[in-house]
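The next block holds one structure in the form of structure tokens; read it before the comments.
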Amino acid sequence: MSVDTATVKKVAALARIAITDEDAARLAPELSNILGWIEQLEGVNTAGVEPMTAVIPNQLRLRDDVIDADPLTGGGIRDALMANAPQAEHGFFTVPKVIE
Amino acid sequence: MSDYRIQGATGEWEVVIGLEVHAQVTSNAKLFSGAATAFGAEPNTQVSLVDAAMPGMLPVPNMECIRQAVRTGMAIDATINRWSRFDRKNYFYADLPQGYQISQLYHPLVGEGAIEISPDDRNPDATKTIGVERIHVEQDAGKLMHDQHPTRSYVDLNRSGVALMEIVSRPDMRSPAEAGAYLRKLRAILRYVGSCDGNMEEGSMRADVNVSVRKVGDELGTRTETKNVNSVRFVMAAIEYEAKRQVEVIEDGGRIVQETRLFNVESGTTRSMRSKEDAHDYRYFPDPDLLPLELEEAFLADCRASLPELPDAKRKRYEGLGISAYQADVLTAEVEAARWFDALLEAGAKPVAAANWTTSELFGALNRTGRDIATSPVSPSQAAELLALVADGTLSGSLAKQVFEVMLETGDAPARIVEDRGLKQTSDTGAILAVIAEVIARSPNQLAQYRGGKETLFGYFVGQTMKAMGGKANPAVVNELLKKALA
Amino acid sequence: MTDLTELGVAAIRDGVRSGAFSAVEVADAFVVKVAKAKHLNAFLVETPDHALAAARAADAARAGGQTLKPLAGVPIGMKDLFCTKGVATTAASHILEGFVPTYESTISQKLWDAGAGMLGKLNMDQFAMGSSNETSAFGNVISPWRRPGSDAPLAPGGSSGGSSSAVAAGLCPGATGTDTGGSIRQPAAFTGISGIKPTYGRCSRWGTIAFASSLDQAGPMARDVRDCAILLEAMAGFDAKDATSLQLDVPRWEQGLSGDLRGVRVGIPREYRFEGSGDGLNYDLEGLASIGATWKAGIDWLRDAGAEIVEVSLPHTKYALPAYYIIAPAEASSNLARYDGVRYGLRDLPEGAGLQDMYAATRAAGFGPEVKRRIMIGTYVLSAGFYDAYYTQAQKVRTLIARDFERAWETCDVLLTPTAPSAAFALGEKSADPIAMYLNDVFTVPSSLAGLPAMSVPGGLDKQGLPLGLQIIGKPLDEQGVLNAGLAIEQRAGFVARPQAWW
Ligand SMILES: [Mg+2]
Ligand SMILES: [Zn+2]
């Protein structure tokens, strides 16, 4: 798969990574190269093969419906939660105003 | 079938409606963390490290949320998928800390089911079946507030990670009334099952409304999706507006674009959500933090055994007891009322009299006093007692009304009220005859007219007799004795 | 008195227990050594207080006559992918610069609970993406090894390059690593130390910054097999906070160690041979001859230990790397979406920018080139219209690769392969060509895709005197079999070479 700069820009936009035109021009052949290499998988006969869902046999465990049973996965920790926030006010995280 | 039509310049148009309802699952803790879900907490106080997507955090599903979604599926006779998976829906937004929503696209927990609706509540037996395509379980997002600061939006993650069921209907509805009936019925089922409190004001239920129009018999038209409409009334209004708008656009030579729209509560109109218009590519893939969800037979059996009697079954049962279809429908519409009524029957009340009394007297009184069944001052056993006093002739209908008024005020037991206030009905012929004689004696004109053929005056004598007896005379006995006396 | 930094985990543990030296003496010695080794750039943060506090606790426990914890008195290095409460954690990325977790990862907590102390946070490839430690936002880690007569800085391997460099240079007796496609084993091989990636699900992923969730596994890196066994026992175990954690007891791996391989069948996968392009791997690299010779020696050592050698076939081997380079970037593109400048880490808010512009600016400024490259690849392969062709096909190939191993287990108990296709290369030598760099993981990726336990032990030196590693791959949950085969090689390889201190 050959990736053009327009595609690179589209993917970067989807991934929310700002790139310049030069970045896109540089990345296009690089990504084409990598995608070309991984495309050798096309040739593998996978008819009737299920995609892997779990690497080793294991059952999904479910938790009990108990609030704050483990402080590490419970609430009521606002100060800790916001300790690293780049910007916060009145107990809220803040972002540039969003117009919906 | 619905005959709802939009009258356009070029003829009649049919509306095609599908609803995606997001219903908050009733649970103590969130879908993938142990933080609480209660409504109305201080911002960001019900948020765990997991819900805020701190580095290295992992989801572990809450069994209760899975159980409630399975029970809901069972309640609409849906296929329960013993093998399902969680997928990630990837997009960037400030209310979505992970940068993806954990949802189910490829293998939902619940498959096809159906809900029977009665769009005309005067005619509950005229039903229509609305297909449900699927129910999947997913995380709710946080909340953004835009009016707190001139240049910033505030982010509250209390709702982030709360469990939702997304209940996706087939595009089977053809009028606002059908959509309204579907939503009310779905809400009733959820509340019967106990899987969602159905509280639309608190956002426990929101609907994405898919609307398209077509000439009758044509292929499906292009649909628009109006997001997050949070009341039955608004859903109906949004459909009405959107259908008319679409007809106008098409008849003016335009095309409907598949887009997301927003409903404006004040104006009753919808508008395009430009900020979300750029083509989304959600890059769904199975969440690698979670294994497939495999349900065992014992778990399913347990879910099934815990299901209550559902509205349709209950309605049919009531009808089987001789209750009218209309009353049965009214009595089963709200789970609390239905439970209250069941308790009334349990306490020995005769079904038909109980239904008459409940739908007229009780509901009327609650309505009048701005209360609902949950805060009714009269308990089912007290009501049963009251109805028993009527049945055995202790109270006449009008005495019963008086007693009921006192019950509403004081919460006292009816027998006691009858005792204390001497409201007992009398069938004592001697006493009644004495009063009748007295009434006749002071009404010579009326007597003459009555005997002269003016039979409507019979009511006058009944009224006078009852009044003289303080309303406590048995009306049947009064009638019988009066007929003889006046003959 | 001997230099305490010459001692490994077991020796330190035993010495502290017997009172031959105090834990504080040990911690002091390593703290000094770490402080002097800045040239290696192995540590991002030094935490002498943490190490000393744990050492004092160990000494106090001993003085009080208490039974010492399993790792009492042992100071270790912690890869910066593990969140450590109150200690900056960055995954070697600008986007997490200044981030100080308010919580402790399960792995680090288990180690502290076992009595270990932390000397500091170890540098690594940014978000664990890399095979040479050249993608760190905080400078390359340099291997303590050098080619004779050259002072060209060599790669310590990656992504756990800070860990490998620190252990090889004697800055700590052991360190944590994480392995997604070979990030414990390849750096261990490059620096002449041992490292084991356990079965997927043995070590909790909670609190470890995610790269690719279905592949990430933590594991120890240390000077020998016994030390790895001791550290892994402390790290492994069920964690209810990780839905993929295995609900199993932790075996007593150290106690079970035995280099006697009588009755053990060792499989030699035909497709891991590199000559020709037939059913082998279709590429050519320097140093293959040395690797071939070391592999051959490894086979002889295991035979000497009593093992029976059998040839096996893993026919889908050559598809493992391309499958990995779809699955891992796809998962990473999603896992790294949370770094958006809202709740923690870097925020870049250009004048007048809206929310989505803030995201794009923050992520452009915060992520390094290799991380961006992988996010882009992952975003691309998951995007509309490509998902099935890339992602679903890769997961099917993954099933085939796992089946290859299952079939191999019908005729053998462990597999012996080289760890990496060459000895350490010089920094900068491969960074221009991503695919050439990715090929470093050609031998380690297949077992990662299948979730199998695998370890690297030193097998010898190449012609230039640089270490070469041998990899042992085991059945699911058979870490013991892997460790034992590793021990048999260690006992026979006589690998005593150490880098000469130049830093
Ligand atoms: Mg929707
Ligand atoms: Zn949804």
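Each chain gets a letter, A, B and so on, in the order its sequence line appears, and its residues count up from 1.
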Check: Which region of Thr46(A), side chain (C-beta onward) or backbone (N, CA, C, O), has a non-hydrogen atom less than 4.5 Å from a non-hydrogen atom of chain C, or is it both or neither?
Finding: both
Check: Counting heavy-atom pairs under 4.5 Å to chain A, which of Leu321(C), Thr199(C), Thr392(C) comes out on top?
Finding: Leu321(C)
Next item on the list: Under 4.5 Å heavy-atom distance to chain C, tell me which part of Asp79(A) shows up: side chain, backbone, both or neither.
Entry: neither
Notebook entry, point to check: Which of the residues Pro86(A), Ala85(A), Ala88(A) is involved in the greatest number of heavy-atom pairs with chain C at under 4.5 angstrom?
Noted result: Pro86(A)
Margin query: If the contact rule is any heavy atom under 4.5 Å from chain A, which residues of residues 349-357 of chain C qualify, in numerical order?
Written below: Leu349(C), Ala353(C), Gly354(C), Leu355(C), Gln356(C)
Check: Quick one: what part of Ala394(C) sits under 4.5 Å from any heavy atom of chain A, side chain, backbone, both or neither?
Finding: both
Next item on the list: Output yes when a side-chain donor or acceptor of Asn84(A) lies under 3.5 Å from a complementary backbone atom of Val100(C), and no otherwise.
Entry: yes
Notebook entry, point to check: Who wins among Met358(C), Arg403(C), Arg398(C) for the most heavy-atom pairs under 4.5 Å with chain A?
Noted result: Arg398(C)
Check: Is it the side chain or the backbone of Ala323(C) that comes within 4.5 Å of chain A heavy atoms, both, or neither?
Finding: both
Next item on the list: State, to 0.1 Å, how close Thr379(C) and Ala15(A) come at their nearest heavy-atom pair, and which atoms those are.
Entry: OG1-CB, 3.6 Å
Item checked: Ile17(A) and Tyr359(C), any side-chain heavy atoms less than 4.5 Å apart -> no
Margin query: Within the structure provided, determine whether Ile34(A) and Tyr438(C) are in side-chain contact (heavy-atom separation under 4.5 Å).
Written below: yes
Check: Which bit of Asp242(C) is near chain A, if near means a heavy-atom gap under 4.5 Å: side chain, backbone, both or neither?
Finding: backbone
Next item on the list: Please lay out, stage by stage, how Tyr390(C) and Leu35(A) fare under the test side-chain contact (heavy atoms from CB on, under 4.5 Å).
Entry: CA-CA 10 Å; Tyr390(C) 287 107; Leu35(A) 290 167; 4.1 Å; yes
Check: Given that the side chain runs from C-beta out, which part of Leu27(A) has a heavy atom under 4.5 Å from chain C: side chain, backbone, both or neither?
Finding: side chain
Check: Can you find a pair of side-chain heavy atoms, one from Tyr380(C) and one from Leu14(A), that are under 4.5 Å apart?
Finding: no
Margin query: If you count heavy-atom pairs within less than 4.5 Å of chain A, which of Ile401(C), Ile377(C), Asp433(C) leads?
Written below: Ile377(C)
Check: Closest approach of Ala80(A) and Thr102(C), non-hydrogen atoms and distance?
Finding: O-CG2, 3.5 Å
Next item on the list: Determine the option with the most heavy-atom pairs under 4.5 angstrom with chain A, choosing from Ala402(C), Gly201(C), Ala240(C).
Entry: Ala240(C)
Notebook entry, point to check: Any ion pair linking Glu50(A) and Lys396(C) (charged N to carboxylate O, less than 4.0 Å)?
Noted result: no
Check: If every non-hydrogen atom of Ala18(A) is compared with every non-hydrogen atom of Ala361(C), which pair is closest and at what distance?
Finding: CB-N, 4.3 Å
Margin query: If you count heavy-atom pairs within less than 4.5 Å of chain A, which of Val381(C), Leu400(C), Leu346(C) leads?
Written below: Leu400(C)
Next item on the list: Let me know if Leu41(A) has heavy atoms under 4.5 Å from chain C in its side chain, its backbone, both or neither.
Entry: both
Check: Quick one: are Leu31(A) and Met376(C) in side-chain contact, heavy atoms under 4.5 Å?
Finding: yes
Checklist line | Top of Tyr103(C), Tyr325(C), Tyr319(C) for chain A proximity - count of heavy-atom pairs under 4.5 angstrom | finding: Tyr319(C)
Note to self: If I measure from the heavy atoms of chain C, does Ala83(A) come under 4.5 Å with its side chain, its backbone, both, or neither?
What the structure shows: side chain
Note to self: So for atom CG, which belongs to Asp4(A), do other residues, nucleotides or ligands contribute more than 12 heavy atoms lying within a distance under 6.0 Å?
What the structure shows: yes
Checklist line | Closest contact, heavy atoms only, Glu30(A) versus Pro434(C) | finding: CG-CG, 4.4 Å
Notebook entry, point to check: Is the backbone N or O of Val44(A) less than 3.5 Å from a side-chain atom of Gln393(C), with the two atoms forming a donor-acceptor pair by type?
Noted result: yes
Item checked: Under 3.5 Å: donor-acceptor pair, side chain of Thr399(C), backbone of Val49(A) -> no
Notebook entry, point to check: Where does Glu42(A) contact chain C at under 4.5 Å (heavy atoms): side chain, backbone, both or neither?
Noted result: backbone
Margin query: What part of Ala243(C) gets within 4.5 angstrom of chain A, counting heavy atoms only: side chain, backbone, both, or neither?
Written below: both
Note to self: Taking side chain as everything from C-beta outward and backbone as N, CA, C, O, which of these in Thr53(A) sits under 4.5 Å from a heavy atom of chain C? Side chain, backbone, both or neither.
What the structure shows: neither
Check: Does atom NZ of Lys97(A) have more than 12 heavy-atom neighbours, drawn from other residues, nucleotides or ligands, at distances under 6.0 Å?
Finding: yes
Note to self: For Trp206(C) and Thr73(A): C-alpha separation, side-chain torsions, deciding distance, then whether side-chain contact (heavy atoms from CB on, under 4.5 Å) applies.
What the structure shows: CA-CA 10 Å; Trp206(C) 193 88; Thr73(A) 54; 4.1 Å; yes
Margin query: Closer than 3.5 angstrom, by distance alone: can the side chain of Arg343(C) be matched with the main-chain N or O of Leu81(A) as a donor-acceptor pair?
Written below: no
Next item on the list: Taking the side chain as every heavy atom from C-beta outward, state whether Arg347(C) and Val95(A) have any atom pair closer than 4.5 Å.
Entry: yes
Checklist line | Beyond-backbone contact of Arg61(A) with Ser245(C), side-chain heavy atoms, under 4.5 angstrom | finding: yes
Item checked: From Met52(A) atom CE to Gln395(C) atom CD, the distance as rounded to the nearest 0.5 Å -> 7.5 Å
